[in-house]
Protein chains: 2
Amino acid sequence: MKDIKITNTIRTLRFLDKEMTQQELAEKVGVTRHTIMAIEKGKYSPTLELAFKIAEVFNKPLEEVFTYEK
Amino acid sequence: MKDIKITNTIRTLRFLDKEMTQQELAEKVGVTRHTIMAIEKGKYSPTLELAFKIAEVFNKPLEEVFTYEK
DNA sequence: ACTCAATGTTAAAAATATTTTACATTAGGT
DNA sequence: ACCTAATGTAAAATATTTTTAACATTGAGT
């Protein structure tokens with residue numbers, strides 16, 4: 001599992017959702033701001049559980065937030 | 001992230017897909033048999049990347065394989 | 001130009017996921 | 001009942017994700 005092939009639209013979704021900050025999103029899903037930042041930046045892919053929580057915040061299906069590029 | 005609230009239908013999907021073994025599924029997604037077993041058993045939730053790979057094997061959307069129970 | 005909030009970076013420690021190995025149990029076929 | 005393949009269990013080692021903390025950068029507003 002070396003090269004990560006998963007992209008996400010978190011940054012856009014935050015912007016569309018009243019410009020929610022990384023800090024706010026982090027608090028809503030129960031992780032640190034750093035974690036949100038690292039995921040947005042694609043440093044690593046999150047746990048499935050965290051991915052579900054993030055999608056839930058934006059009321060989007062998980063696959064609309066995260067995309068697996070074959 | 002203590003109590004995991006994610007269920008999955010991997011066992012059923014393996015059964016429906018010509019009774020694919022844990023070993024075969026593990027090989028297709030590039031992890032060990034133990035990892036597949038632990039996930040099926042709900043010991044922990046996988047990485048988003050692994051979740052996508054598993055869903056891909058069964059040609060199902062991720063959310064049809066894994067369900068986040070609120 | 002200054003200030004402040006938001007974001008990005010780095011490094012180390014902690015927590016969790018995954019591997020490896022080895023053995024126990026279960027279930028089906030003969 | 002016996003064999004064998006598939007599944008389950010356990011413990012230790014490794015890899016990856018997440019936390020923590022401290023500091024740098026960017027950008028908007030004044």
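Naming convention: chains lettered A, B, ... in sequence-line order (proteins, then strands); numbering from 1 in each chain.
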message = Without decimals, in angstroms, what is the distance between B:Lys53 NZ and D:dT16 C1'?
response = 13 Å
Listing time: all N or O pairs from protein to nucleotides 21-30 of chain D that are below 3.5 Å?
unit_1, atom_1, unit_2, atom_2, d
D:dA21, N6, A:His34, ND1, 3.4

note = Picking from C:dT19, D:dG8, C:dA17, the nucleotide nearest the side-chain atoms of B:Met37 would be D:dG8
task = State the OG1-CD distance between A:Thr32 and A:Gln22, to the nearest 0.5 angstrom.
result = 10.5 Å
Nearest-0.5 Å distance that lies between atom OG1 in A:Thr21 and atom CG in A:Leu25 = 8.0 Å
ask   = Hey, does the side chain of A:Thr47 come within less than 4.0 Å of D:dT18's phosphate (OP1/OP2), counting only N and O?
value = yes
ask   = A:Ile36 CD1 to C:dG8 P: how many Å, rounded?
value = 12 Å
A:Glu64 side chain to A:Thr9 side chain, donor-acceptor N/O pair below 3.5 angstrom = no
key: Whole-Å distance separating the CD atom of A:Glu27 from the C1' atom of D:dT18   = 16 Å
query = Separation of A:Arg11 atom CZ from C:dT7 atom P, in whole Å?
reply = 7 Å
ask   = Backbone N or O of A:Leu62 within a donor-acceptor pair of the B:Glu63 side chain at under 3.5 Å?
value = yes
query = So, B:Arg14 and B:Glu40, do they make that salt bridge, N to O below 4.0 Å?
reply = yes
query = Between B:Thr35 and C:dT19, does any side-chain N or O lie under 4.0 Å from OP1 or OP2?
reply = yes
note = Atom CG of A:Leu48 and atom C1' of C:dA17 are separated, to the nearest Å, by 12 Å
task = Taking only the side-chain nitrogens and oxygens of B:Lys43, find out if one of them lies under 4.0 Å from OP1 or OP2 of D:dT9.
result = yes
Sub-4.5 Å side-chain heavy-atom contact between B:Tyr68 and A:Leu48 = no
task = Nearest whole angstrom, please: distance from the P of D:dT16 to the OH of B:Tyr44.
result = 14 Å
ask   = For B:Leu50 and B:Thr35, which heavy atoms make the closest approach, and how far apart are they?
value = CD2-CG2, 3.9 Å
task = Taking the side chain as every heavy atom from C-beta outward, state whether B:Ser45 and A:Phe52 have any atom pair closer than 4.5 Å.
result = no
ask   = With respect to the phosphate group of D:dG8, does any side-chain polar atom (N or O) of B:Lys41 fall under 4.0 Å of OP1 or OP2?
value = yes
query = How close or far is atom C1' of D:dT18 from atom CG of A:Leu50, stated in whole angstroms?
reply = 9 Å
task = Please check if B:Ile6 and A:Val29 belong to a single hydrophobic cluster, counting links between Ile, Leu, Val, Met, Phe, Trp and Tyr side chain heavy atoms closer than 4.5 Å.
result = yes
Stretch residues 13-26 of chain A: residues that reach within less than 4.0 Å of DNA chain C through a heavy atom = A:Arg14, A:Thr21, A:Gln22
